[in-house]
Amino acid sequence: MIEAHSSQRLQTIQNATLEAIASGVPLVDVMDRLCAEVRALVPGAWCVVMRVDAPARVLRPLAAPDLPPSLVQALDGISPDAAVACCAVGSAGDELLADSQLTRFGDVVADSGLVACWSSPIKAADGRLLGRFAFYYPELRGPTELERRVVHACVHLCAIALERDAVQSHVHRLAFQDGLTGLPNRTRFRQRARELLDALQPAESVTLLLIDLDDFKEVNDSLGRRAGDRLLKEVAARLGRVVDERVYLGRIGGDTFALVRAGHDAADAALELSRQVARGLEPPFESNNQRLTIGASIGIAHATSRELTLAELTHRADLALYEAKSSGRRGCRVYAPELAAAARLRRCFKQDIRNALDRGEFTLAYQPIVSLATNRLVAFEALLRWTHPERGHVSPSVFIPVAEEIGLIGALGDWVLHEACRTAKEWPSPIRIGVNLSPLQFGKAGFALDVVGALQHAGLEPHRLDLEVTESALLARDVATRTALHDLHDFGVRLSLDDFGTGFSSLAALRWFPFDTLKIDMSFVCDLDVDADSTAIVRAVIALARDLGIKTVAEGVETESQHHWLVQHGCAEGQGYRFGRPMGAAHAEQLLREPGRVVLPAPRSIGHGTHAAVQPSAAICGK
Ligand code: C2E
Ligand code: CA
Ligand code: CA
């Protein structure tokens, strides 16, 4: 018979435990208190609560007051199901383990003086094993009736506490941890950075590094999101290996990671840290048997006083990152006040681009493309020019990304298309006009109709228009892009793959889209004769294109020897300063009126003589 007094005590323990759980007392404290109360109620037994460590599939002690530390240590990591662990139990009834089964713990158990264990499972509402509640006895005996009642009540209390804790941890993880990489997320990272800023002492600094992967979008688009995710995880792991405990690492955006560090030497350590990051990311990544190299751009900013808010520090690091990105891949920049001025300029720039179209500040320059077999001019590429009222000539490589960013590329691209078609209409057939397209123009519904509209408006035959697209425009391989390009091709418009060799999926693009021409990027052409790899690549590209029935155009031909090499290796057409710089429409027309339209100095070794109608330097326009 259990005394009324004990029953009442048990009831009080239950109530107190439930109250502690409800009011958010930390799990370990709730369990410690519960065990201590139980010990007081049943003095002849030692009480232990163990929790299942799910990833490791083992038990970990959560509360074990008065149990010898060596035994607690021995219990850490035992299997949740093994009967040999002194926690074995049957589902019908809890099981008593004799000392023979406790010998696994050898001397530890002998030293503790405990010879029997009675252990019960703690189960979740859905039946999952959450942990074990165990009594250890100094004599070989089973549980008393009171102890049975206590255990019955305790496993329920423990289940409630453990389930609630698991839910809370999950919510915490969702709120503060990046689900993909397991790193602290943006919210948690900002919390930590703010703590460091608040604790900043004189002569100390807090350093923030923003790390942004170069070309991650291309990887994602060409290899798929799963490959992209794997890459991000691997990047996170590598970053984790290069930082030490003084550095706090987080993932604060899609492909943006951040590091923050405080201390006397934080500012000095930043550059070394960024070098380590770069080195850590250097070895190629493996993805589906492909080797990928991916670099990162890094922006660094320091706070030397608590005056600087986290928002300001982040803004500075952002500006530095922007500079690092625009100065080429794998850049690293430290914030300096000039960067803020540059950012202000960029903001003005955005407004200026918006106005430029209305004010007629854009023009087109036309660069000759010649047949290498005949030395005759066969086409021009239209290149956009912007003359800023104060700053003069601005390069398209600078303003086109801004126009894309502010959503103006559609209108600008449309203007280019109409203007180019209108100009080309004045040229003798079959001289073609090449027009560059931004990837964002494809995304627009009705893009193919716009092109057809521009052709009809100008009265230009479709086969005289050559649309130049880069691989990145095609990476998404979405049905709309494909349909638009096929429709245009069926209509007779020519398609060129621009900057061939600089992207990720050149060969795949050739299979998916009906290209007529492949423009070999000037980075290979300029190395012809100098770099064996580039030479081999260009040779292979020409051969490959020939097999596929696609014409090749070499971009950026500047020297006679490059010219000569290309003629010898069967490249169809050439473009570059060797044949003429981009020029105004009037100059282009004048060139076309030249008898025979032979415009270039042919390579001497082929013996064509020299026809220098265009002096490369005399034809400069806007470059
Ligand atoms: P791109 O399509 O590869 O154009 C060729 C670029 O190389 C032009 O630069 C041209 O002036 C330059 N170039 C030509 N021959 C030589 C040479 O022998 N040596 C050197 N070093 N450079 C040469 P540009 O005009 O500054 O254009 C840069 C890029 O801007 C273009 O590269 C193209 O991607 C983009 N772009 C130009 N116009 C437009 C346009 O109307 N729309 C769009 N979406 N992009 C455009
Ligand atoms: Ca082009
Ligand atoms: Ca190009």
Side-chain angles (χ1 to χ4, degrees), residues 353 356-357 361-370 379-387 393-405 407-421 423-424 432-444 447 450-451 454 465-473 494-503 506 515 517-528 541 552-563 566 573-585 588 599-600 614 616-617 619-623:
I353 294 184
L357 200 53
E361 288 167 13
F362 289 112
T363 53
L364 287 184
Y366 301 89
Q367 187 176 28
I369 299 176
V370 301
F380 284 95
E381 176 176 358
L383 294 161
L384 194 52
R385 296 289 174 261
W386 179 24
T387 314
H393 172 70
V394 186
S395 162
S397 314
V398 173
F399 70 78
I400 285 179
V402 183
E404 287 175 340
E405 195 185 316
L408 202 79
I409 194 67
L412 192 54
D414 226 35
W415 179 84
V416 171
L417 204 55
H418 277 88
E419 180 69 12
C421 289
T423 308
R432 290 174 281 126
I433 178 78
V435 173
N436 291 285
L437 294 179
S438 150
L440 297 184
Q441 286 174 265
F442 286 99
K444 198 173 142 251
F447 166 75
D450 288 351
V451 176
L465 176 64
D466 205 327
L467 296 178
E468 300 195 0
V469 293
T470 55
E471 292 154 56
S472 58
R494 289 164 189 264
L495 299 176
S496 290
L497 184 53
D498 205 356
D499 303 343
F500 187 80
T502 56
S506 316
F515 285 110
T517 310
L518 196 154
K519 298 189 78 173
I520 305 168
D521 190 67
M522 67 176 90
S523 57
F524 299 107
V525 176
C526 76
D527 281 348
L528 278 179
V541 168
T552 36
V553 179
E555 299 188 292
V557 184
E558 292 189 356
T559 66
E560 186 180 350
S561 70
Q562 290 162 355
H563 183 180
L566 289 160
E573 295 176 2
Q575 178 181 359
Y577 297 169
R578 164 99 177 140
F579 312 122
R581 298 208 175 208
M583 59 188 78
V599 295
L600 64 143
V614 173
S617 54
I620 298 174
C621 173
K623 261 303 261 192

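All values reported here derive from a predicted model rather than from experimental measurement. Ligands are counted one by one from 1 in listed order, and the atoms in each one are counted from 1 as well. Hydrogens, waters and symmetry mates play no part in the numbers below; they use all other heavy atoms, side chains included.
Between Tyr366 and Glu419, the closest heavy-atom pair is OH-O, 4.1 Å. Closest approach of Leu497 to Thr470, counting heavy atoms only: CD1-C, 4.1 Å. Taking each heavy atom of Glu404 and Pro439 in turn, the nearest pair found is OE2-CD, 3.9 Å.
Set against the non-hydrogen atoms of Pro582, the atoms of ligand 1 under 4.0 Å away are 11 (O). Ligand 1 places these atoms under 4.0 Å from at least one heavy atom of Gly576: 15 (N), 18 (O). Ligand 1 places these atoms under 4.0 Å from at least one heavy atom of Val416: 41 (O). If you number the atoms of ligand 1 from 1 as listed, the ones under 4.0 Å from a heavy atom of Gly556 come out as 16 (C), 17 (C), 18 (O). The atoms of ligand 1 that sit less than 4.0 Å from any heavy atom of Asp499 are 3 (O). Taking every non-hydrogen atom of Ile400 and a distance limit under 4.0 Å, the qualifying atoms of ligand 1 come out as 36 (N), 39 (C), 40 (C), 42 (N), 43 (C), 45 (N), 46 (C). Taking every non-hydrogen atom of Glu381 and a distance limit under 4.0 Å, the qualifying atoms of ligand 1 come out as 2 (O), 4 (O). Using a 4.0 Å cut-off to heavy atoms of Glu558, the atoms of ligand 1 that qualify are 17 (C), 18 (O), 19 (N), 20 (C), 21 (N).
Excluding water, every protein N/O/S atom under 3.0 Å from the Ca ion (ligand 2) is given here by residue and atom: Glu381 OE2, Asn436 OD1, Glu468 OE1, Asp498 OD2.
At a heavy-atom distance under 4.0 Å, no atom of Gln575 approaches ligand 1. At a heavy-atom distance under 4.0 Å, no atom of His393 approaches ligand 1. With a 4.0 Å heavy-atom cut-off, ligand 1 is reached by no atom of Arg581. With a heavy-atom cut-off of 4.0 Å, Gln367 touches ligand 1 through its side chain alone. For Lys519, no heavy-atom contact with ligand 1 is shorter than 4.0 Å.
Of the N or O atoms in Met522, none lie within a sub-3.5 Å distance of an N or O in ligand 1.
Distance check: Leu465 CG to Arg494 CZ gives 10.0 Å after rounding to the nearest 0.5 Å. Rounding to the nearest 0.5 angstrom, the gap separating the CD atom in Glu573 from the CG atom in Leu566 is 12.0 Å. Here Gln562 contributes atom CD and Arg578 contributes atom CZ; the two are 9.5 Å apart, rounded to the nearest 0.5 Å. How far CD1 of Ile353 is from CG of Leu412: 8.0 Å, rounded to the nearest 0.5 Å. Interatomic distance, NE2 of His563 versus CG of Leu528, reported as 12.5 Å (0.5 Å rounding).
At a threshold of 4.5 Å between non-hydrogen side-chain atoms, the residues Trp415 and Leu364 count as touching. Side-chain contact check for Lys519 versus Ile369: some heavy-atom pair is nearer than 4.5 Å. Side-chain contact check for Thr517 versus Asp466: some heavy-atom pair is nearer than 4.5 Å.
Panel note: side chain Glu555, backbone Gln575; no donor-acceptor pair is recorded below 3.5 Å.
Note on ring orientation: taking the six-membered ring where Trp is involved, the planes of Phe399 and Phe362 are tilted (angle from 30° to 60°).
Under the 4.0 angstrom criterion for non-hydrogen atoms, Gly413 is not in contact with ligand 1. Note on ligand 1: Val557 sits in its first shell, one or more heavy atoms being nearer than 4.0 Å.
Distances from atom 18 (O) of ligand 1 to the heavy atoms of Trp386, Phe579, Phe362, Tyr577 show the closest one on Tyr577.
For Asp521, there are no salt bridge (Lys or Arg N to Asp or Glu O under 4.0 Å) partners at least two apart in sequence or on another chain.
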